[in-house]
Amino acid sequence: MTYLVKRIDEQMYGCEEPAPDLEIMVDVTLQAPNGAELVLPYPDAALTAADINEGDKIVIMLKKA
């Protein structure tokens, strides 16, 4: 299914910096074609590597485990 990336927000780590070995996560707000929204946590480095930004359309594939 194709989703619109509405927002990418840094997750809050409180008043301390995250541990150096901790993967930095962001919350990605997606909008489905029917207008429904969902928020997914995702590694910031993976979004950067895929060049995914606010306003982009992305495809999410689901697989049965």
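Here the structure is a predicted model, which means the values were calculated and not measured.
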Which pair of non-hydrogen atoms, one from Gln11 and one from Pro41, has the smallest distance, and what is that distance? NE2-CB, 3.5 Å
Can you find a heavy atom in the side chain of Val28 that is under 4.5 Å from one in the side chain of Ile52? no
Spell out, yes or no, whether Leu62 and Val5 are grouped together once hydrophobic residues are joined by side-chain heavy atoms under 4.5 Å, including indirect joins. yes
State yes or no: do Val26 and Leu38 share one hydrophobic cluster built from I, L, V, M, F, W and Y residues joined by side-chain heavy-atom distances below 4.5 Å, directly or via other members? yes
Taking all heavy atoms of Pro43 and all of Glu23, pick out the closest pair and write down the distance. CB-OE2, 3.4 Å
At what distance, to the nearest 0.5 angstrom, does CD1 of Ile60 lie from CG of Leu30? 5.0 Å
What's the shortest heavy-atom distance between Pro33 and Thr2, and which atoms? CD-O, 3.2 Å
Give a yes or no on whether Met61 and Met1 share a hydrophobic cluster (residues Ile, Leu, Val, Met, Phe, Trp, Tyr; joining criterion: side-chain heavy atoms under 4.5 Å apart). no
Sole candidate of Thr29, Leu47, Asp27 that passes side chain to side chain contact (heavy atoms under 4.5 Å, CB included) when paired with Ile8: Leu47
As an exercise, state the distance from CD of Gln31 to NZ of Lys57, rounded to the nearest 0.5 Å. 9.5 Å
